[in-house]
Amino acid sequence: MKTLLLIASLLAGQCLAGPFFFGQQGAVAWQSSPTSQYTPVAHGAASVKWWIAARKESFADGDAVATASDWSSSAVNAMQSTSANRPTFKTGIVNGNAVFRADGVNDGFVLASNPLSGATAATAMFVVKLNTDPPGSGSVTGPVLGEWGTSSQNNHFPWIDGNIYDNTFISSRAITVNPSTTMAQFNQFTIIYSGGNLIWRMNGTQIASASATFALGSTPKVLWSNKESALYYLAGDLAEVVIWNGVLSGSDLTTEENGLKTQYGTP
Amino acid sequence: MTNATVIIITAAVKDAANAAAKAHFDPVGGEFTFTNPIVTPPDLTTITHYWTADRMLPANRALLDVMAAQPPFAGNVQVFDYDADANPGFPHAKLAELGLAVYAPPLN
């Protein structure tokens, strides 16, 4: 059916060509998708406060992405004003879904404000694949969520030793974990701050937790971090990020994680 | 296939390169094109170069070659094209091949 729709679209002259600013040839923007598209929802007091998803964008394959829309009510878009630093939009990469591809050199987004402002807890979920795990010594990767906390240190996803060093939503780096599952494939990660603890989950299983103090940064970044007078960029594909301003637990947590798992076919 | 280009400049021409990027390639945010520092091991603290990677219009790519051959950029700019889909690891591999490395303080 999708093939028929694509052919019909082509015959109707509806090929979607991206802006030619970056010299990319026009490409047909289409993607297969699961029958039911995942949509995150509020759970009690935990509202969806930030949500970017490449699959919901309508760029053409190869386009540079200046703005990744925030599909939550916060409307705090992820932006990149410098053309060379814009991630590349790629269609049909994971289970038929598009991704934001970061080159590990200079690609990443900045938010004008923290959409979690005023929150005292948070849950974040994202689906991502690194080019290599661990990165080579010359390609120390940055985080998916950079500077969402107030730590003066960078967080790494991972450092060259294979460890994730994380300070998302908190005042100082607290998490160190080297997942047994390779990060050079698409995985679903969850970060929860709840009651003085930061918890990391990977593909539905807890992989780390540590005591931490909740503290929100003022200029969050995506796919990079700029602390300690150094810039760290992620090299890989980011499909989707969802952040709630509260704690998801029990069946609510499972429902959202399973929604992403079904959407992307992650383990 | 996604055509991309890695540009490495010496630190000496950083200001001129960012000014040229803004004037000729990216009027909105071009002044931040070369902000990512590179060191030359074994000295891991002295910034010797800056780099960027980008997808460029054919006309801009041609203009880059012209500008790279003229003062103050002649001898201070290295340009490498690659397929970002087939070889996403090219930028860092090229950096290592050139004996350079991304500036990265030790983990603390």
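Just so we're on the same page: letters track the sequence lines, and every chain starts at 1.
If you measure heavy-atom distances from B:A96 to chain A, you find no contacts under 4.5 Å at all. Looking at A:D103, both its backbone and its side chain come within 4.5 Å of chain B, counting heavy atoms on both sides. Using a 4.5 Å cut-off between heavy atoms, A:N106 contacts chain B through both its backbone and its side chain.
Highest contact tally toward chain B, considering only A:G236, A:A230, A:A235, is held by A:A230 [criterion: heavy-atom pairs under 4.5 Å]. Heavy-atom pairs under 4.5 Å with chain A were tallied for B:V28, B:L100, B:V6, B:L107; the largest tally goes to B:L107.
Pairs of residues two or more places apart, or lying in two chains, that qualify as salt bridge (charged side-chain N to carboxylate O under 4.0 Å, His left out) and include a residue from residues 88-97 of chain A are A:D61-A:K90, A:K90-B:D85.
Between the side chain of A:E228 and the backbone N or O of A:N154, at least one donor-acceptor pair lies under 3.5 Å.
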Would you give me the side-chain donor-acceptor pairs under 3.5 Å for residues 66-76 of chain B, sequence neighbours excluded?
{"unit_1": "B:N76", "atom_1": "OD1", "unit_2": "B:T10", "atom_2": "OG1", "d": "2.9"}
{"unit_1": "B:N76", "atom_1": "ND2", "unit_2": "B:P72", "atom_2": "O", "d": "3.0"}

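The two residues A:A124 and A:L145 make their nearest non-hydrogen contact at CB-CD1, 3.9 Å.
Ion pair B:D65/B:R61 flagged as a salt bridge, since at least one NZ, NE, NH1 or NH2 atom sits closer than 4.0 Å to an Asp/Glu carboxylate oxygen.
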